[in-house]
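This report refers to the structure that appears directly beneath it.
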Amino acid sequence: MIFNEILISWYSVNKRDLPWRNTSEPYYIWLSEIILQQTQVKQGMPYYEAFVAEFPSVFDLANADESHVLKLWQGLGYYSRARNLHATAKYVANELNGKFPGTYKELLKLKGVGDYTASAIASICFNAPTAVVDGNVYRVLSRVFGIDTPINTTAGNKEFKALAQELIDVKNPANFNQAIMEFGATHCTPKNPDCPTCPFINKCVAYNDRKISLYPVKLKANKAKRKFFNFLVLLSSNNQTILEQRLGKGIWQNLYQFPLIETKSSMGFNDMEALLKRHDLLRNRSFELSLYNRDEVIHKLSHQHLYTKFWIVKLDSSINGIDYNDVKQYAVPILIDKFIEAFNF
DNA sequence: AATCCGGGGCC
DNA sequence: GGCCCAGGATT
């Protein structure tokens with residue numbers, strides 16, 4: 001048997017029953033693919049269910065406020081996906097009468113849709129022979145064919161895309177694409193792949209060279225930078241606090257947070273108190289400062305490690321901010337959400 | 001071609 | 001602590 005026959009045969013027996021596999025409606029496939037970018041099925045599943053329930057059609061999503069979309073996306077990360085999701089929904093609903101483009105080339109023009117997602121939608125919804133290359137495909141193909149070109153390079157991207165395109169079953173691209181990803185996700189896993197029961201055991205170059213753990217080859221990522229975040233949790237005499245929206249570039253764009261002071265190193269109590277006496281928010285106000293978490297909360301992102309302190313700033317005066325009861329309505333980074341849940345305003 | 005962008009899970 | 005995940009946009 002050749003590659004695609006072995007693969008699809010394996011898939012017919014081992015495929016999981018996932019909610020987006022019961023449809024080929026472009027809206028649902030697109031929604032699932034955006035959610036699943038750099039996100040495992042287990043993590044994305046509840047978000048998919050929530051979005052489908054809240055926004056059953058592309059028009060419902062298009063008519064929502066971005067704040068509503070971001071709140072539903074809260075905790076999933078890579079928030080540009082949510083902003084692009086909403087922008088594309090508005091474009092499809094308003095400019096295309098709710099009908100998604102039907103070709104790879106046209107799909108690629110949508111915000112938040114790159115080579116992978118355009119290939120996935122084109123194949124699953126429109127039966128186009130466009131091969132997907134995601135993290136699973138890199139792993140499966142690099143092992144089976146013994147390809148040591150680093151996957152996170154332009155050369156690697158081109159090589160694996162070409163190989164996948166060569167291997168795809170043009171009579172059933174939807175099944176082939178989903179099969180190779182499913183195989184990578186559940187069988188040919190990064191750690192402890194189930195080689196003894198693998199249908200490619202006789203063919204797999206990496207296995208037969210005893211080099212499974214060396215594939216795929218990937219150039220090392222840069223080490224995460226340390227940052228020191230100090231959030232100011234204001235408590236006013238009229239039971240209000242302050243949340244600010246993060247605008248501009250950088251992490252957590254358009255999400256809300258407590259007023260943030262970033263410092264070069266970990267801040268002690270006296271230094272923070274002195275700094276706050278000169279701070280715009282607290283000018284000419286008396287306050288009582290306390291540190292909520294003596295040990296820093298270390299929040300790890302891909303490229304940053306955030307050493308975080310939450311400072312409680314109790315005022316004896318009133319402010320024009322957000323009522324304690326409304327704090328949970330705002331989309332916030334999960335780091336902030338965990339504090340809000342624990343602090344219990 | 002490099003870098004940025006989350007958060008959870010695994011080892 | 002390092003690595004991975006149904007990647008895309010920006011510089």
Side-chain angles (χ1 to χ4, degrees), chain A residues 15-16 18-21 29-48 70 73-85 87-88 107-121 123-124 131-140 150-158 160-161 164 174 176-186 188-193 213-227 246 248-255 298-306 331-338:
Chain A
K15 67 183 282 191
R16 290 171 290 182
L18 303 174
W20 47 86
R21 287 199 173 139
I29 300 302
W30 164 74
L31 177 59
S32 71
E33 293 298 347
I34 301 298
I35 287 174
L36 292 172
Q37 287 169 3
Q38 290 292 284
T39 304
Q40 299 190 159
V41 166
K42 184 180 178 185
Q43 186 185 6
M45 181 93 77
Y47 287 85
Y48 177 81
L70 280 174
W73 199 272
Q74 176 180 296
L76 196 54
Y78 286 150
Y79 296 94
S80 66
R81 289 186 294 170
R83 300 190 301 271
N84 288 333
L85 181 86
T88 290
L107 287 162
L108 201 53
K109 295 178 182 173
L110 301 175
K111 283 187 180 178
V113 174
D115 180 78
Y116 163 77
T117 305
S119 300
I121 298 173
S123 63
I124 295 171
V132 297
V133 179
D134 74 333
N136 295 304
V137 176
Y138 279 125
R139 187 168 55 257
V140 171
I151 61 173
N152 54 343
T153 61
T154 303
N157 188 296
K158 284 180 62 177
F160 283 95
K161 177 77 181 181
F176 177 90
N177 278 340
Q178 294 180 86
I180 193 168
M181 291 190 285
E182 185 81 339
F183 182 68
T186 66
C188 190
T189 48
K191 305 287 183 187
N192 304 318
S213 66
L214 301 182
Y215 292 86
V217 175
K218 190 173 186 178
L219 269 42
K220 286 218 182 295
N222 295 327
K223 277 179 60 177
K225 292 169 184 165
R226 293 159 63 110
K227 292 195 170 190
R246 291 182 66 97
K249 310 250 179 215
I251 59 173
W252 301 332
Q253 194 179 123
N254 291 10
L255 272 65
I298 304 174
H299 187 69
K300 295 182 178 182
L301 308 179
S302 299
H303 291 267
Q304 302 177 22
H305 288 180
L306 309 179
V332 297
I334 208 65
L335 169 66
I336 304 289
D337 187 62
K338 285 177 179 172

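Note that these values count all heavy atoms, side chains included, but never hydrogens, waters or copies made by symmetry. Residue numbering restarts at 1 for every chain, and letters A, B, ... go by the order of the sequence lines. These numbers come from a predicted model, not from an experiment.
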From [options], nucleotide with atom closest to [X] side chain:
X	options	answer
Lys225(A)	dG7(B), dG2(C), dC4(B)	dC4(B)
His303(A)	dC5(B), dG2(C), dG7(B)	dC5(B)
Lys338(A)	dT3(B), dG6(B), dG8(B)	dG8(B)

Any side-chain N or O of [X] below 4.0 angstrom from OP1/OP2 of [N]?
X	N	answer
Asn222(A)	dT3(B)	yes
Trp252(A)	dG7(B)	yes
Gln304(A)	dC5(B)	yes

Nucleotide [N], atom [atom2] - distance to [atom1] of [X] in whole Å:
X	N	atom1	atom2	value
Ile336(A)	dG7(B)	CD1	C1'	14 Å
Asn152(A)	dC4(B)	CG	C1'	14 Å
Lys42(A)	dG8(B)	NZ	P	12 Å
Trp73(A)	dC5(B)	CH2	C1'	13 Å
Leu306(A)	dC5(B)	CG	C1'	12 Å

The single option from Gln304(A), His299(A), His305(A) that satisfies side-chain contact (heavy atoms from CB on, under 4.5 Å) with Lys227(A) is Gln304(A)

Once base and sugar-phosphate atoms are separated, protein heavy atoms under 4.0 Å mark nucleotides 3-11 of chain C, 5' to 3', with B, S and - as SSBBBSS-S

Taking any heavy-atom pair under 4.0 Å as a contact, classify Leu76(A): base, sugar-phosphate, or nothing.
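Leu76(A): base contact, heavy atoms under 4.0 Å.
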
Classify the nucleic acid contact of Gly75(A) as base, sugar-phosphate or nothing, counting any heavy atom under 4.0 Å across all strands shown.
sugar-phosphate

Test your reading of the model: is there a side-chain donor-acceptor pair from Asn152(A) to the backbone of Leu219(A), 3.5 Å cut-off?
yes

Check: [Y] and [X] side chains under 4.5 Å, non-hydrogen atoms:
X	Y	value
Tyr48(A)	Leu36(A)	no
Gln37(A)	Arg81(A)	yes
Tyr138(A)	Val133(A)	yes
Leu76(A)	Thr39(A)	yes
Trp20(A)	Glu33(A)	no

With rounding to the closest Å, how many angstrom separate the [atom1] atoms on [N] and [M]?
N	M	atom1	value
dT11(C)	dG6(B)	P	15 Å
dA6(C)	dC5(B)	P	23 Å
dA9(C)	dG8(B)	C1'	23 Å

DNA chain B: 5'-proximal contact among Leu301(A) and Thr153(A) (nearest heavy atom)
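Residue closer to the 5' terminus by nearest nucleotide: Thr153(A).
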
